[in-house]
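Report on one structure; see the data block that follows.
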There are 2 protein chains.
Amino acid sequence: MAKTNALFMSGVPELLVLRLLAREEMYGYQLVRAIKAASNETFDLAEGVVYPVLHSLEVRKLLKAREKMAEGRSRIYYTLTAKGSKRLAELSEQWQRVRDGVAQVLGGQYA
Amino acid sequence: MAKTNALFMSGVPELLVLRLLAREEMYGYQLVRAIKAASNETFDLAEGVVYPVLHSLEVRKLLKAREKMAEGRSRIYYTLTAKGSKRLAELSEQWQRVRDGVAQVLGGQYA
DNA sequence: CTCCATACCTATTTGTTATAGGTAAGACAG
DNA sequence: CTGTCTTACCTATAACAAATAGGTATGGAG
């Protein structure tokens, strides 16, 4: 269901997840909709993309998960660890590097 | 040898190759160095990355190849086809979409 | 004649997203 | 109390692209 055109996406889901969870604690399903909303519909990542990213980040100790009851439902909320914050900063920097590098090559038009 | 950190690179080699070949006819080895120079050292793609991209683009009729002698050497020069120009425009647009989408999510800091 | 830069090539590995399912619980209509 | 929709979670597999790590051959410099 992902409308995102695949190209240029490598690393993007991880970056978006880290950035949004740095703002506030969220659970997976909420995150899926938050990514769509925060990107103004640009990214519409399927759950099958977001959940594996969450699990991978948790295993790598960049996220911490905790189960919480809310509205009579059990949900799994995620927050950044200190390592996660560091990773977010690094990824943001890398993203900027690539973005600026591409801008230089594209030059005036298409910039 | 590629110093580029792998993440955020999907689609980028193809975009860069198309953009540079839109400016002027070039051969593979020249292109490798041109990418490095034009990106101000941001991208240092290995030949093993660039050649397969060239071959793929040629098969897909986005590039046209011709052998030319220069400086007592036979080289394979590539130029964009009409389809290639169209593809470049599309890719540039997609790139901008992703770039802007990420910028929106990252927000003020890290932007 | 040796070495290095040029110039080209490709098989394999690695890493990531995307797809396409599946499970279960609560809400709500009929 | 039954069916359906949304919420909420999950994962195996496929698809795809870059990166790696090789290999070949030629020309020029020393």
Side-chain angles (χ1 to χ4, degrees), chain A residues 1-18 26-36 42-60 63 65-78 91 94-95 98 101-102, chain B residues 1-18 26-36 39 42-60 62-63 65-78 91 94-95 98 101-102:
Chain A
M1 313 289 191
K3 299 212 181 68
T4 321
N5 220 307
L7 284 186
F8 305 122
M9 287 302 290
S10 88
V12 168
E14 182 177 331
L15 175 59
L16 299 181
V17 165
L18 286 172
M26 286 173 116
Y27 57 95
Y29 195 77
Q30 182 185 7
L31 200 46
V32 169
R33 288 171 305 179
I35 286 169
K36 190 175 174 183
T42 301
F43 305 119
D44 189 9
L45 304 185
E47 296 166 41
V49 171
V50 174
Y51 284 110
V53 168
L54 286 172
H55 300 154
S56 162
L57 290 172
E58 193 192 355
V59 166
R60 289 149 65 203
L63 294 184
R66 64 168 179 136
E67 215 166 331
K68 206 173 70 170
M69 290 296 286
E71 298 158 51
R73 244 172 208 276
S74 176
R75 291 164 179 160
I76 304 172
Y77 285 80
Y78 294 90
L91 272 191
Q94 276 182 42
W95 164 255
V98 171
V102 169
Chain B
M1 313 284 189
K3 298 213 181 69
T4 321
N5 219 309
L7 284 186
F8 307 122
M9 288 302 290
S10 90
V12 168
E14 181 177 330
L15 176 59
L16 300 181
V17 165
L18 285 172
M26 286 173 115
Y27 56 96
Y29 196 78
Q30 180 185 9
L31 199 46
V32 169
R33 289 172 303 179
I35 287 169
K36 190 174 175 183
S39 69
T42 301
F43 305 120
D44 189 9
L45 304 183
E47 295 167 42
V49 171
V50 173
Y51 284 111
V53 167
L54 286 171
H55 300 154
S56 162
L57 290 172
E58 193 191 357
V59 166
R60 289 148 65 202
L62 305 173
L63 293 184
R66 65 169 179 133
E67 214 166 330
K68 208 173 72 171
M69 290 299 285
E71 298 158 49
R73 243 171 209 276
S74 175
R75 291 164 178 159
I76 304 171
Y77 285 79
Y78 295 91
L91 272 191
Q94 276 182 44
W95 164 255
V98 171
V102 169

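Here is the naming used below: chain letters follow the sequence lines, and residue numbers restart at 1 for every chain.
The separation between A:Glu71 atom CD and D:dT6 atom P is 17 Å, rounded to whole Å. Look at OH on B:Tyr29: it is 18 Å from P on C:dT10, rounded to the nearest Å. Across the protein-nucleic acid pair, B:Lys68 atom NZ and C:dC8 atom C1' stand 17 Å apart, rounded to whole Å. Per the geometry, CD belonging to A:Glu47 stands 9 Å off P belonging to D:dC9, to the nearest Å. Atoms CZ (B:Phe43) and P (D:dA18) sit 12 Å apart, rounded to a whole Å. Rounding to whole angstrom units, CG of residue B:Leu7 and C1' of D:dA19 are separated by 12 Å. Between A:Glu58 atom CD and D:dC9 atom P there is a gap of 12 Å when expressed in whole angstrom units. A:Phe8 places its CZ atom 18 Å from the P atom of C:dT16, with the value rounded to the nearest Å.
Scored by the salt bridge (charged side-chain N to carboxylate O under 4.0 Å, His left out) test, B:Glu71 finds B:Arg75 as partners (sequence neighbours excluded). B:Arg60 meets the salt bridge (charged side-chain N to carboxylate O under 4.0 Å, His left out) test with B:Glu14; sequence neighbours excluded.
Comparing D:dA8, C:dT17, D:dC9 against the side chain of A:Ile76 picks out D:dC9 as the nearest. Among the nucleotides C:dT6, D:dT20, C:dT17, the one closest to the side chain of A:Val53 is C:dT17. With D:dC9, C:dT10, D:dA19 as the choices, the nucleotide that has an atom nearest any side-chain atom of B:His55 turns out to be C:dT10. Looking at the side chain of A:Met9, the nearest of the listed nucleotides D:dT20, C:dA18, D:dA8 is C:dA18. Comparing D:dT20, D:dA8, C:dA18 by their closest approach to the side chain of A:Arg75 singles out D:dA8.
Taking only side-chain nitrogens and oxygens, A:Tyr51 never comes nearer than 4.0 Å to OP1 or OP2 of D:dT11.
The residue B:Pro52 sits close to a base: some heavy atom pair falls under 4.0 Å. Using a 4.0 Å heavy-atom cutoff across all strands shown, B:Gly48 reaches at least one base atom of the nucleic acid.
Taking NZ from B:Lys68 and CD1 from B:Ile76, the interatomic distance works out to 13.0 Å, rounded to the nearest 0.5 Å. Between the CG atom of B:Asp44 and the CZ atom of B:Arg33 there is a distance of 12.0 Å, given to the nearest 0.5 Å. Atom-to-atom distance recorded for B:Tyr77:OH and B:Leu63:CG is 15.5 Å, nearest 0.5 angstrom.
Residue A:Arg73 is the one, among A:Arg73 and A:Leu54, whose nearest nucleotide of DNA chain D lies closer to the 5' end (criterion: closest heavy atom).
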